[in-house]
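Data block below; observations after.
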Amino acid sequence: MEKITEWETVIGLEIHVQLSTASKIFSGSSTAVGAEPNSQASLVDLAMPGTLPVLNRGAVEKAILFGLAVNAEICQRSVFERKNYFYPDLPKGYQTTQLEAPIVGPGKVDIQLENGEKKVVRIHHAHLEEDAGKSLHEEFSDAQGRGMSGIDLNRAGTPLIEVVTEPDMRSPEEAVAFARKLHGIVTSLGICDGEMSQGSMRFDVNVSVRRKGDETLGTRTETKNLNSFRFMDAAIRQEVQRQIELIEDGGTVIQETRLYNGDTQASRSMRSKEDANDYRYFPCPDLLPVVVTDADIAALRATLPELPDAREARFIDSYQLSAYDAGLLAGNRFAAAYFETAAQHSGDAKLAANWVIGDISARLNAEDIAIEQCPVSAENLGQLIQRIKDGTVSSKIARQVFDACWQGEGSPDEVIAAKGLKQMSDTGELEKIVDQIIADNAEQVAAYQAAEGGKQKKMFGFFVGQAMKLTQGKANPQQINALLQQKLAP
Amino acid sequence: MHRKTLTELQAGLAAGDFSARELTEHFLKRIQSLDGELNSFITLTPEQALAQADAADQARAAGQAGPLNGLPLAHKDIFCTRGVRTSCGSRMLDNFISPYDATVVERLQAAGAVMLGKTNMDEFAMGSSNETSWYGPVRNPWDTGRVPGGSSGGSAAAVAARLVPAATGTDTGGSIRQPAALTGITGLKPTYGRVSRWGMIAFASSLDQAGPMATSAADCALLLQAMSGHDPRDSTSVNQPVDNYSATLDKPLTGLRIGVPEEFFPATLDDRIASTTRAALAELEKQGATLVSVRLPSVDLSVPAYYVIAPAEASSNLSRFDGVRYGYRCDDPADLEDMYKRSRSEGFGAEVKRRILVGTYALSHGYYDAYYLRAQKVRRLISNDFAAAFDNVDVIMGPTSPEQAFELGAKKDDPVTMYMADVFTIAVNLAGLPALSMPAGMIDGLPVGIQVIGNYFREAQILNVAHRFQQATNWHQKAPSFGETATAKGDA
């Protein structure tokens, strides 16, 4: 029998999205990050005896906005339940979450793949819950110098929605495309700050493999707490590889929870299904069912901002961007706003898009900053593009101007003036320079004139380089090219 | 002075017959000299009490006396009291000094009441005899060889012995009413949601309710007035106006329809308790009430349903006692697992562990539907039974407890028999209804209690019925002879 080597990957995601409410889901404590440990832990967050939760309606509204954005049914009578387990950063000994009646029912999200195809990823549900605190394992020891753990409950009670997808993704690329899309949706809605490195969005990936054509799903593993798209991609690839090798070697995949370490790029088993907790869910008797009326939903729907899909369509329509570029820009509401401002100030949407997707993204990524903190304002980018278009600077010099602007040396016009970067376009002046180059390089001129085809083309670059050197790059490249062609002709 | 009711003491303070300080000193002295034998208090707070009393006297002098100004009372040690140990009767919280006040504590203090201390109770309110307390059993002042009932046994015994004119209690399955019955006092469990649970250490959140314990219905009315009302810190607290409970106490009972369920008079019931109850009903009939036979067919299932739901909730509620942030932590834990296991094994007593185990089992995967969900269905049936009965009657009455105070240790090793002590009270908690217990007779020198159950938020009606009964009888005035000689010596 022929060995089947074709495998299919099946991926489902669970995404924890921290909701950007000012206070916690069941207490009045602040949700701000970065405070002294336990300085934002109230009696309720500390699970003091006798304390009771009071639901923050703002968290419910944000969850509903999410539901509306993914075309989901909103549960009009959702119920909080207790998920019971012991862990030091879980002060009550249970997490208040939703199980049987989550606030957001089935929905769907369209994703676009790099080959331009569209795909629907179904949302199984999204539920509201509270985040746990953090265990701190370093820097603590008792009087005898024995290691101890610290507990910081500032994060305990931060509202989350956990979004659970159907197993609809078939590759790491699809999973990442979905993750980026979801990031775009929640940040566009303003319900999450999207700061993945801070843990504002955390991904659990459920991965299984099966032979192509198989109807039944393979045994899945869950890799938890991935907090970057890159780690997610790498963790999925590695897990797919591990499972395929395991099965091809005659082994079987066991259902387990795994942890991926982004630094070592290795994953390990955390616990298998056999030693999984029995969480003993039951409805939380301290909280009433969350009742949402049609009027509540209508009022929230009226506040929905423009979402990535609508924005993408508008960018294609109004700015004539390609679907791919429009998708990239529309996904992040800050990038989208930046692009639109730059496009308006420059009068050239295509160039503005190229700059945002190209140079600016690269630079932001390299320096690990968000576009909201971009040192070059969208207005200044618009001005720079105008200077390219009106011939004041070449594209090459424009990058130099951009660098200076990034370093805080002023607006493009100020930088161009201060550094004397204005393009030399005076034909008379350029002609003198070309003449001088020909005079100073008789040998090269002779060789050039003797050469043919590709070799000659290559040698032409030498003269252009000399011209740029003499003008510190300010020579108008088109004019220099024309002059050199003309004067070097034998 | 300690023979007076809260209402009489209130009048005495208002008339200037004595000061709040004198009153407080009198009761503190009584507790100090007599409670050694009863063990009804876990913690006494004399300094704080005297300071509160002085503040009450000053407020009165300034014309700013609250409704309970200067009246001494005690809190069951399940209520969090700022700066004072709040043990819940458990070794687990023996070292716990609460950083905040429960709403009930806050409200009574705002009304001017003076807290003398914290009363003994079954550990985490789990028990019907007050024998599960880490601080030892409470004794019944009618016969110190007997239990006072539980779990609010400390409050009941202290009030019955006139060590304090009134106290707070909590009632999850009968924990106010059963000890009230066994010690001959009056205790009221309000409608679920009438009194805030904020700061009341949770046993079974969907059943727990705080209420007053005193020597008369009128006194309970006075206390309940201050305790009741919506509290935004408790989501299950109901936002509904509070009736004026004292205003309707004297309303004639003409036309009152009293439901008498045959399920509350089973063949196995002690004849003398049955006849005491019927005599009380006859007294109310004499005042113009009509007795109506009603059926509550599902109440037979209330004890098994309760012993699924209450332990299930408790198993989760008590998870926070893990030795991490406060409370008992074992010595030298080897690791986290060891710390959890030993802190909880050493910190909790046997009955608490039994219920955590039962509750954990009932919620476990594969058993949830068979136990927890079925119990919830039974709960709905019981509520429906009461709702149907209340279509035809105003209140429902019967005995509070199938038996009188029993001897210490008599049921210690037989939890199921102990659980049956609450057979008549539990259904009321499952339905969330208000109910009161008051003394209605004496058998063999021990009090017998009867129960008045009302419809939701009809506390005023229950208190009215109880008050009219107490106006016509003197069972509530009977006090045990406990401590009489000692008091004669010590009384000024």
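Letters A, B, ... mirror the listed sequences (proteins, then strands); counts begin at 1.
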*Measure distances from A:Tyr281 to the heavy atoms of chain B and classify the residue's part below 4.5 Å as side chain, backbone, both or neither.*
backbone

*So what's closer than 4.5 Å to chain B heavy atoms on A:Asp286: side chain, backbone, both or neither?*
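Both backbone and side chain.
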
_Go through it in stages, so that I can follow the logic: the residues are A:Leu46 and B:Tyr326, the test is side chain to side chain contact (heavy atoms under 4.5 Å, CB included), and I'd like the CA-CA distance, side-chain angles, deciding distance and then a yes or no._
CA-CA 10 Å; A:Leu46 290 165; B:Tyr326 49 74; 5.7 Å; no

*Between B:Gly327, B:Gly199, B:Cys88, the one whose heavy-atom pairs under 4.5 Å with chain A are most numerous*: B:Gly199

*Report the option among B:Ser206, B:Ser235, B:Ala362, B:Ser98 that has the most heavy-atom pairs separated by less than 4.5 Å from atoms of chain A.*
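Most heavy-atom pairs within the cutoff with chain A belong to B:Ser235.
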
For residues [X] and [Y], report the shortest heavy-atom separation together with the two atoms involved.
X        : Y        : result
B:Ser316 : A:Asn84  : OG-OD1, 2.8 Å
A:Leu153 : B:Arg325 : CD1-CD, 3.9 Å
B:Tyr340 : A:Pro88  : OH-N, 3.0 Å
B:Tyr100 : A:Pro49  : OH-O, 2.6 Å
B:Glu313 : A:Arg82  : O-NH1, 4.2 Å

*Look only at the side chain of A:Asp278 and the backbone of B:His365, and say whether a donor-acceptor pair between them is shorter than 3.5 Å.*
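At least one qualifying donor-acceptor pair exists.
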
Using a 6.0 Å cut-off, check whether atom [atom1] of [X] has over 12 heavy atoms from anything other than its own residue.
X        : atom1 : result
B:Arg82  : CZ    : no
A:Lys134 : NZ    : no
A:Arg77  : CZ    : no
B:Arg374 : CZ    : no
B:Arg107 : CZ    : yes

Nearest-0.5 Å distance, [atom1] of residue [X] to [atom2] of residue [Y]:
X        : Y        : atom1 : atom2 : result
A:Thr51  : B:Asp234 : OG1   : CG    : 11.5 Å
A:Met48  : B:Cys80  : CE    : SG    : 9.0 Å
B:Met339 : A:Phe86  : CE    : CZ    : 11.0 Å
B:Ser319 : A:Leu90  : OG    : CG    : 9.0 Å

Contacting region of [X] [heavy-atom separation from chain A under 4.5 Å]:
X        : value
B:Thr360 : both
B:Phe203 : neither
B:Tyr367 : neither
B:Ala312 : backbone
B:Arg197 : both
B:Phe79  : neither
B:Ile78  : neither

*asked:* Quick one, A:Leu43 and B:Pro99 - any side-chain contact, counting heavy atoms below 4.5 Å?
replied: yes

*asked:* The test is side chain to side chain contact (heavy atoms under 4.5 Å, CB included); show your working for A:Val44 and B:Trp198 and say whether it passes.
replied: CA-CA 10 Å; A:Val44 173; B:Trp198 172 261; 3.8 Å; yes

_Below 4.5 Å, heavy-atom pairs only: which of A:Ala47, A:Gly93, A:Ser27 has the largest tally toward chain B?_
A:Ala47

*Indicate the ring-plane relationship of A:Phe282 and B:Tyr372, choosing parallel, tilted or perpendicular according to the 30° and 60° boundaries.*
perpendicular

*Evaluate side chain to side chain contact (heavy atoms under 4.5 Å, CB included) for A:Tyr94 paired with B:Arg320, printing each intermediate quantity in order.*
CA-CA 8 Å; A:Tyr94 54 82; B:Arg320 66 185 61 198; 3.3 Å; yes

